Amino acid sequence: MHSDASLVVEFLNTVNVEEGTDLLEDPGQWHGWAAAHALAANPAAEARAARDALRAAIGDPRLPHGSVDVDTRISLTAEGPALVADDVVGAVFAACARLVVRGDWVRLKICPADTCLWAFYDESRNRSRTWCSMRVCGNREKARGWRARAAAG
């Protein structure tokens, strides 16, 4: 997975629906996560608003669509102009902008399993992957469908 996609997916998955955990609720974990990515941690409320808006934009059915403004800057580097930021939210949104430019934004998805809702990057050739994991969520859904058809028949 491309580093921009990795950063975005990791940020989106700082909330774990299945386990009922949210890394942003623990200041130590949140600051540790940001430091591990060599970025400054935004205030938790700001990061949560950005994360929720991004998750809604890629298909999290629990969240309303919203807009978020983020400060980033363009810097001229040895490789050319670069969209950069110093904090987590800015870096994630800069990564999202680069994904849009490359045509890869549509590869960011949310698993449709109600108990999962894990963010993932669809690396399939035709961008048709539905589940975060066919072995886990996809298999569960297919088994549910089979049981429902068997009970109805």
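Quick caveat: nothing in here was measured; it's all calculated off a predicted structure.
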Subject >> Check: Asn42 side chain, Val89 main-chain N or O, donor-acceptor pair, under 3.5 Å >> reply: yes
Subject >> Spacing of CD belonging to Glu18 relative to SG belonging to Cys137, to within rounding of 0.5 Å >> reply: 6.5 Å
Subject >> Taking every non-hydrogen atom, the tightest pair across Ala91 and Leu39 >> reply: CB-CD1, 3.7 Å
Original post:
Considering all heavy atoms of both residues, which atom of Phe120 and which atom of Thr130 are nearest to each other, and what is their separation?
Top reply: CZ-O, 3.4 Å
Original post:
Does Arg107 use its side chain to pair, donor to acceptor, with the backbone of Ser124 at less than 3.5 Å?
Top reply: yes
**OP:** Mind running side chain to side chain contact (heavy atoms under 4.5 Å, CB included) on Val68 and Glu46 for me, showing each step along the way?
**Re:** CA-CA 9 Å; Val68 175; Glu46 183 181 324; over 6 Å; no
Subject >> Residues that Glu25 engages under side chain to side chain donor-acceptor pair (under 3.5 Å), provided they are two or more places apart >> reply: none
Original post:
Are Leu83 and Leu7 co-members of a hydrophobic cluster defined by side-chain heavy atoms under 4.5 Å apart?
Top reply: no
Subject >> Side-chain (Arg98) to main-chain (Phe93) donor-acceptor, under 3.5 angstrom >> reply: no
Original post:
Does the side chain of Pro81 come within less than 4.5 Å of Ser75's, by heavy atoms?
Top reply: no
**OP:** Any pair with a residue in residues 37-67 that passes ring pair (Phe, Tyr, Trp, His ring centres under 6.0 Å), sequence neighbours left out, goes on the list, sorted by first then second residue, please.
**Re:** Trp33-His37
**OP:** Report the C-alpha distance between Val8 and Leu99 in whole Å, list the side-chain angles of each, state the deciding distance to 0.1 Å, and finish with yes or no for side chain to side chain contact (heavy atoms under 4.5 Å, CB included).
**Re:** CA-CA 10 Å; Val8 175; Leu99 290 170; 4.2 Å; yes
**OP:** Considering only NZ, NE, NH1 and NH2 on the basic side and carboxylate oxygens on the acidic side, decide whether Asp4 and Arg102 come within less than 4.0 Å.
**Re:** yes
**OP:** Look at the side-chain heavy atoms of Ile, Leu, Val, Met, Phe, Trp and Tyr, link any pair under 4.5 Å apart, and say whether Val92 and Leu63 land in one connected group.
**Re:** no
**OP:** Supply the atom-to-atom distance Trp30 CH2 to Asp26 CG, rounded to the nearest 0.5 angstrom.
**Re:** 12.0 Å
**OP:** Look up atom CG in Leu117 and atom CG in Asp60, then write down how far apart they are to the nearest 0.5 Å.
**Re:** 5.0 Å
Original post:
Under 3.5 Å, is there a donor-acceptor pair between the side chain of Thr77 and the main chain of Glu79?
Top reply: yes
Subject >> Residue pair Ile74 / Val84, side-chain heavy-atom distance below 4.5 Å >> reply: no
Subject >> Asn126, CG atom: more than 12 neighbouring heavy atoms under 6.0 Å >> reply: yes
Original post:
Any ion pair linking Asp52 and Arg55 (charged N to carboxylate O, less than 4.0 Å)?
Top reply: no
**OP:** Please determine which of Arg129, Arg127, Lys109 meets the salt bridge (charged side-chain N to carboxylate O under 4.0 Å, His left out) test together with Asp122.
**Re:** Lys109
Subject >> Arg51 with Asp22: basic N within carboxylate O range, under 4.0 Å >> reply: yes
**OP:** For Pro112 and Trp131, work out which heavy atoms get closest and say how close.
**Re:** CG-CZ3, 3.3 Å
Original post:
Do you know which two heavy atoms are closest between Gly90 and Asp87, and how far apart they sit?
Top reply: N-OD1, 2.8 Å
**OP:** Heavy atoms only: give me the nearest Ala53-Gly66 pair and the separation to one decimal.
**Re:** CB-O, 4.1 Å
Original post:
Is it true that Leu12 and Trp118 fall in one hydrophobic cluster, defined by side-chain heavy atoms closer than 4.5 Å?
Top reply: no
Subject >> Closest non-hydrogen atom pair, Trp105 against Cys96 >> reply: CZ3-SG, 3.6 Å
Original post:
How many angstroms lie between CD1 in Ile58 and CD1 in Ile110, if you round to the nearest 0.5 Å?
Top reply: 4.0 Å
Original post:
Is there side-chain contact between Val15 and Thr21, with heavy atoms separated by less than 4.5 Å?
Top reply: no
